[in-house]
Amino acid sequence: MDRDATSDVNAPHSMGTTIIGVTYNGGVILGADSRTSTGLYVANRASDKITQLTDNVYICRSGSAADSQIVSDYVRYFLHQHTIQLGQPATVKVAANLVRLLAYNNKNSLQTGIIVGGWDKYEGGKIYGIPLGGTIVEQPFAIGGSGSSYLYGFFDQAWKDGMTREEAEQLVVKAVSLAIARDGASGGVVRTVTINSEGVTRNFYPGDTLPLWHDEVEAHGSLLDILNASNPEPMST
Amino acid sequence: MDTLLSSEGDSQRTQYPYVTGTSVIGIKYKDGILMAADMGGSYGSTIRYKSVERLKQVGKHSLIGASGEISDFQEILKYLDELILHDNMWDDGNSLGPKEVHNYLTRVMYNRRNKFDPLWNSLIIGGVKNGHKYLGSVSMIGVHFEDDHVATGFGNHLARPILREEWREDLTFEEGVKLLEKCMRNLLYRDRSAVNKLQIAKITEEGLTVSQPYSLKTFWNFAAFQNPTVGAEGSWILCLMMFCCTKTCAFVDASFSFIARHGSA
């Protein structure tokens, strides 16, 4: 119990994480929290887990930070060459299958779960989930990371096909926020990336813009603000 | 370094499964083969995916069903794609039948097992070629069988006893489907990784069809279920007949649902 925090600093960087990808009528929205932990210490409280592969394909990374970064670097490299050879933007399916190849063929060494999302002119918005082991599953929405355990029931109830962009964005932000509330390994801000025929938009939702859930209280600068606001008298017993 | 018993440079060694499918059942019937599997992909105890297709066509004459690690099944399908492609490229009018596909897969599974790098699946191959019906299974270590009815995983314990009692050579399509559904319903009650969304595939000389996904009705309206501790409030001893052993329960479950269904039909 008396382990000092410095012993965690050298533990492997892991993204206990919440990652989400949803399709809507027109494209996809990827969402994630921003906490990277080494043991119990938060190494980065504002990480960006939504990484670009091409102009039209992004991935959400979870699990080992090192493993997911190297996979995304390799796939970006291969996709770049593929785009040059193909003469047009790569499809989401190709990107997802490249990730699958790396994940499957190195299944004994890698510990990363990835959600691939993007838009191409053939299939529109698509989401592919690639969990541990290298299975590839195309889904209307995908959730991953340690925080996703708390979201299975939520999505079973809240997910609807054919949402608008605004509905989908609100759903993603709400979901990541709920997961952050219960998963110690998820936290920080909520980042979203929207991809459609028009391009890519990044959004950023810091903690104070998120709704409060059960047993959470409003944030203040100081106790003094509360005391001064309610009554100018000194504290009572 | 003992290189006889362990290989240098941990390439790939016996792994563990992550995303898994549960039982597959296959039976021969009058016109060909019927196979059933649910659409669940479990991640440990979580039912993570509920639309995984575990029954797939192979070439013109065969059908494969898989349980176990889904990523390894996806890889097997790629191997089979290549196998069928090369077979077609011969352009000689011949095509690989289910017996050949079964043999190929047996070799693949056994050789991987020998390298301590198995494909973590149990497979069922079925098909009809030139009027001959064929149904076989291969396990992750290369154990292979050929029989009138086969199953993987839990199906071996829950479905095959039912099939041993009720399977006949001359089952019609309707009887075959009902028999498979009886087995699948039993698995749904008693297999924790089962999911109520399944597909049934039929392969005959004419061709193959995989049904759309559908769900089975289940039966819970038994007096013994409604008030299990009546007469002994606070006790944990439920109906003795139901719980003396799991095999009996499964069989009782199956016969109760048979009675319930036929009683109300």
Side-chain angles (χ1 to χ4, degrees), chain A residues 17-21 23 62-64 67 71 93-94 96-116 126-157 159 161 179 183, chain B residues 6-22 37-54 56 66-82 108 112 115-121 140 192-193 195-197 213 215:
Chain A
T17 299
T18 307
I19 51 172
I20 301 182
T23 57
S62 77
S64 155
D67 288 351
V71 167
K93 192 178 219 169
V94 166
N97 277 110
L98 282 171
V99 175
R100 178 204 90 92
L101 271 179
L102 282 171
Y104 181 76
N105 290 323
N106 297 290
K107 63 160 73 191
N108 292 331
S109 326
L110 292 175
Q111 206 187 340
T112 171
I114 290 172
I115 297 180
V116 181
K126 282 286 179 196
I127 294 283
Y128 292 88
I130 301 163
L132 257 47
T135 310
I136 181 170
V137 187
E138 200 247 296
Q139 303 169 85
F141 71 89
I143 55 178
S146 56
S148 68
S149 308
Y150 307 98
L151 298 176
Y152 284 98
F154 174 70
F155 272 92
D156 273 349
Q157 189 227 38
W159 164 260
D161 215 0
D183 179 29
Chain B
S6 62
S7 61
E8 196 86 30
D10 181 44
S11 41
Q12 291 237 55
R13 321 207 78 248
T14 316
Q15 343 109 345
Y16 18 82
Y18 289 104
V19 181
T20 54
T22 185
D38 70 20
M39 300 189 78
S42 299
Y43 189 78
S45 56
T46 303
I47 301 196
R48 192 162 177 181
Y49 304 107
K50 297 206 255 193
S51 294
V52 181
E53 286 190 25
R54 301 194 291 118
K56 289 284 184 181
S67 65
E69 168 68 42
I70 301 295
S71 65
D72 285 343
F73 178 50
Q74 291 178 340
E75 192 74 356
I76 286 170
L77 290 175
K78 289 203 191 287
Y79 287 146
L80 289 172
D81 270 346
E82 222 190 302
V108 168
R112 290 286 295 257
K115 295 190 281 191
F116 283 95
D117 178 28
L119 288 160
W120 207 286
N121 296 111
M140 68 187 259
R192 212 179 69 163
S193 3
V195 140
N196 195 0
K197 190 171 170 197
S215 293

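Reminder, nothing fancy here: chain letters follow the sequence lines and each chain counts from 1.
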Does CD in Gln111(A) sit with more than 12 non-hydrogen atoms of other residues, nucleotides or ligands closer than 6.0 Å? no
Output yes when a side-chain donor or acceptor of Ser71(B) lies under 3.5 Å from a complementary backbone atom of Tyr104(A), and no otherwise. no
By a 4.5 Å heavy-atom criterion (distance strictly below it), what part of Ile136(A) contacts chain B: side chain, backbone, both, or neither? both
Residues Asp72(B) and Lys107(A) bridged, charged N to O under 4.0 Å: yes
Heavy atoms only: give me the nearest [X]-[Y] pair and the separation to one decimal.
| X | Y | value |
| --- | --- | --- |
| Pro131(A) | Arg48(B) | CB-NH1, 3.8 Å |
| Val19(B) | Leu132(A) | CG2-O, 4.3 Å |
| Gln74(B) | Gly134(A) | OE1-O, 4.1 Å |

By a 4.5 Å heavy-atom criterion (distance strictly below it), what part of Tyr16(B) contacts chain A: side chain, backbone, both, or neither? neither
Could you walk me through whether Arg100(A) and Glu75(B) pass the side-chain contact (heavy atoms from CB on, under 4.5 Å) check? CA-CA 10 Å; Arg100(A) 178 204 90 92; Glu75(B) 192 74 356; 3.0 Å; yes
